[in-house]
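Note that the numbering runs from 1 along the sequence shown for the chain. One-based numbering, in listed order, for ligands and for the atoms of each.
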Amino acid sequence: PPRSTLSSSSAASDVYKRQTNKQVLILPGDGIGPEVCNEAEKVLNCVNSSHNLGISIEKSGVGGVAYEEFGKPLPVVTLKAAKVADGIFFGAVGGPEWDNLDYNLRPERALLGLRSELDLFANLRPAILSKYLCDSSSLKTEKVEDLDLLIIRELTGGIYFGEPRGTSDSGDSAFNTMIYSKKEIERIGRVAFETAQKRNKTLCSVDKANVLEVSVLWREVITDISKDYPDVELSHMLVDNAAMQLVKDPKQFDVVVTGNLFGDILSDIAAMLTGSIGMLPSASLNSKNKGMYEPVHGSAPDISGKGLANPIAAILSVAMMLKYSFDLNEVSSSIENSIQGVLSEGYRTYDLEGALEKKLSTSEMGNKIVEKLK
Ligand code: NAD
């Protein structure tokens, strides 16, 4: 894949203290992945030089483009670079041209491979509705105004990875296994409690304990570790009710923790509350806070190459990387504030409601945000 090293680090000695010497690996992928990654990279380069962060950026191939070049969606060279990097920035993978490939060769396998190889077990998906975008939400303004919830999804276990899995010899049936160990539940639970401590100190754990043994264990372990976080108010909710409550009264939630399958579905529901999937960032962390950051959306082949992709989810993912992996809270906030500033002036991408004369293409939106940052 094309590899470039763009070090924006300054040689000046008076900036030495700010330099982080962090390495960021960008994996643009397919469809709109490269388009939104370009804008994220512009923003990263901007704060890198204005705050003298000394971050170096590398790029590598992943997904369908990597399959075309290497015959695999996650080439060895990419995995190696991901292991070395301090932060990984992922665009999106997939597309109709690869839909009929063998399961293990499909672009989406790269994501699962990176998550499990790097042990990125904690997926943080904030759903925050900008006050300037209430009109874009699928719910009434009073239901979603000031919405700020965080779904923490277990990402490396549960039914997506459980064995045995397969199709019977006759092909008449197929099966998957939903399995969690106490250890897996405890580590995601602790991330959730610690995150809740830094926010509103409430945590809702979502399961299906009325039907599934794995959920009974989930509830027991979460309840057990709650004793170590007496300042956090814990509640439990069944997943079907949680889906309903998310559309009925989403503001009742602050931090939600759940397993892989339920988290996948609930976080997409939460996505719609914020107006567009093009607004939602995510972080997947391991126990050392190394993270892979990515917009929640996919490669959107229907709009790819047309300048219609909203780059804000990707740019917010850069802000998350600076906050969660590099501890650069104020730089992260400056990016979030610039986005709010641009939205407050009425500028929108085509997925968001707004006046036609203020509609911006993918790169125009990236440029506007960079302008605000400067
Ligand atoms: P998608 O998220 O790509 O698109 C869903 C809808 O949202 C489309 O109408 C698309 O145009 C729109 N959309 C998505 N991102 C947008 C953005 N930034 N700005 C404006 N509109 C946006 O989901 P899909 O259509 O189900 O999947 C398309 C491909 O992406 C498939 O191959 C799928 O496997 C893959 N996928 C990849 C990831 C990932 O890489 N993390 C996630 C989901 C889907």
Side-chain angles (χ1 to χ4, degrees), residues 26-40 43 61-68 73-74 78 82 88-116 118 120 123-125 130 133 136 138 153 155 160 260-261 263-265 267-284 291-318 320 339 343 347-354 359-366 369:
I26 300 184
L27 305 174
D30 309 313
I32 63 167
E35 298 169 40
V36 297
C37 277
N38 268 344
E39 305 316 307
V43 168
V62 76
V65 290
Y67 170 77
E68 297 300 338
L74 181 57
T78 299
I88 300 151
F89 193 86
F90 190 96
V93 291
E97 55 271 60
W98 303 291
D99 274 353
N100 296 324
L101 285 177
D102 214 48
Y103 175 71
N104 277 320
L105 296 175
R106 290 189 51 161
E108 294 82 356
R109 286 295 296 170
L111 255 181
L112 298 184
L114 282 164
R115 286 171 186 166
S116 59
L118 301 173
L120 305 172
N123 186 213
L124 274 52
R125 290 176 59 160
S130 161
L133 295 182
S136 298
S138 49
R153 164 188 171 196
L155 202 58
Y160 290 178
N260 207 342
L261 172 65
D264 194 359
I265 299 163
S267 53
D268 269 20
I269 298 179
M272 273 333 288
L273 307 180
T274 67
S276 167
I277 196 158
M279 293 296 298
L280 289 180
S282 75
S284 306
M292 183 160 81
Y293 297 83
E294 55 179 315
V296 163
H297 60 75
S299 59
D302 53 333
I303 57 166
S304 159
K306 298 179 180 160
L308 294 176
N310 182 349
I312 294 179
I315 294 170
L316 283 170
S317 304
V318 170
M320 281 190 95
I339 293 171
L343 293 175
Y347 294 108
R348 302 283 185 268
T349 42
Y350 287 87
D351 52 317
L352 302 172
E353 299 279 329
K359 294 280 177 175
L360 302 180
S361 70
T362 309
S363 64
E364 286 167 343
M365 179 54 93
I369 293 167

Which residue and atom name correspond to the protein heavy atom nearest [atom], and how close is it?
atom	answer
atom 16 (C) of ligand 1	Ile32 CD1, 3.9 Å
atom 37 (C) of ligand 1	Val93 O, 3.1 Å
atom 29 (C) of ligand 1	Ser299 OG, 3.2 Å
atom 38 (C) of ligand 1	Gly298 CA, 3.4 Å
atom 17 (C) of ligand 1	Asn310 N, 3.6 Å

message: Could you work out, with salt bridge (charged side-chain N to carboxylate O under 4.0 Å, His left out) as the rule, every residue matching Arg348, not counting sequence neighbours?
response: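 So Arg348 forms no salt bridge (charged side-chain N to carboxylate O under 4.0 Å, His left out) with any residue.
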
task: For Arg115, check salt bridge (charged side-chain N to carboxylate O under 4.0 Å, His left out) against everything at least two apart and list the hits.
output: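 In terms of salt bridge (charged side-chain N to carboxylate O under 4.0 Å, His left out), with neighbours along the sequence ignored, Arg115 is linked to Glu294.
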
Side chain or backbone, does [X] bring an N or O within less than 3.5 Å of an N or O on ligand 1?
X	answer
Ser276	no
Asp302	yes
Gly95	yes

- request: List the steps, then state whether side chain to side chain donor-acceptor pair (under 3.5 Å) holds for Glu108 with Trp98.
  value: CA-CA 10 Å; Glu108 294 82 356; Trp98 303 291; over 6 Å; no

message: Under a plain distance cut-off of 3.5 Å, with no hydrogens placed, do Asn310 and Tyr350 share a side-chain donor-acceptor pair?
response: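 No, Asn310 and Tyr350 have no side-chain donor paired with an acceptor closer than 3.5 Å.
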
Do the side chains of [Y] and [X] get nearer than 4.5 Å, heavy atoms only?
X	Y	value
Val296	Met279	no
Phe89	Val318	yes
Glu35	Pro311	no

Does the [X] side chain pair with the main chain of [Y], one donor and one acceptor, at a distance under 3.5 Å?
X	Y	result
Ser267	Gly263	yes
Asp30	Gly63	no
Thr78	Leu74	no
Ser282	Leu124	no

Enumerate the atoms of ligand 1 whose separation from the nearest heavy atom of [X] is less than 4.0 angstrom.
X	value
Ala309	19 (N)
Ile303	11 (O), 20 (C), 21 (N), 22 (C)
Ile277	7 (O), 13 (N), 14 (C), 15 (N)
Glu108	31 (C), 32 (O), 33 (C), 34 (O), 35 (C)
Asp351	20 (C)
Glu294	41 (N)

- line: Of Pro301, Gly278, Ala92, the residue with the heavy atom nearest atom 28 (C) of ligand 1 is Pro301

field: Winner among Gly94, Pro295, Ala300 once heavy atoms are compared against atom 3 (O) of ligand 1
entry: Ala300

[atom] touched by protein heavy atom at under 4.0 Å:
atom	value
atom 44 (C) of ligand 1	yes
atom 9 (O) of ligand 1	yes
atom 33 (C) of ligand 1	yes
atom 26 (O) of ligand 1	no

field: Heavy atoms of other groups near Asn104 CG, more than 12 under 6.0 Å
entry: yes

- prompt: Can you tell me if Leu111 has a non-hydrogen atom under 4.0 Å from ligand 1?
  reply: yes

query: Should Phe90 be listed as contacting ligand 1, given a heavy-atom distance under 4.0 Å as the test?
result: yes

query: Any ion pair linking Arg125 and Asp268 (charged N to carboxylate O, less than 4.0 Å)?
result: yes

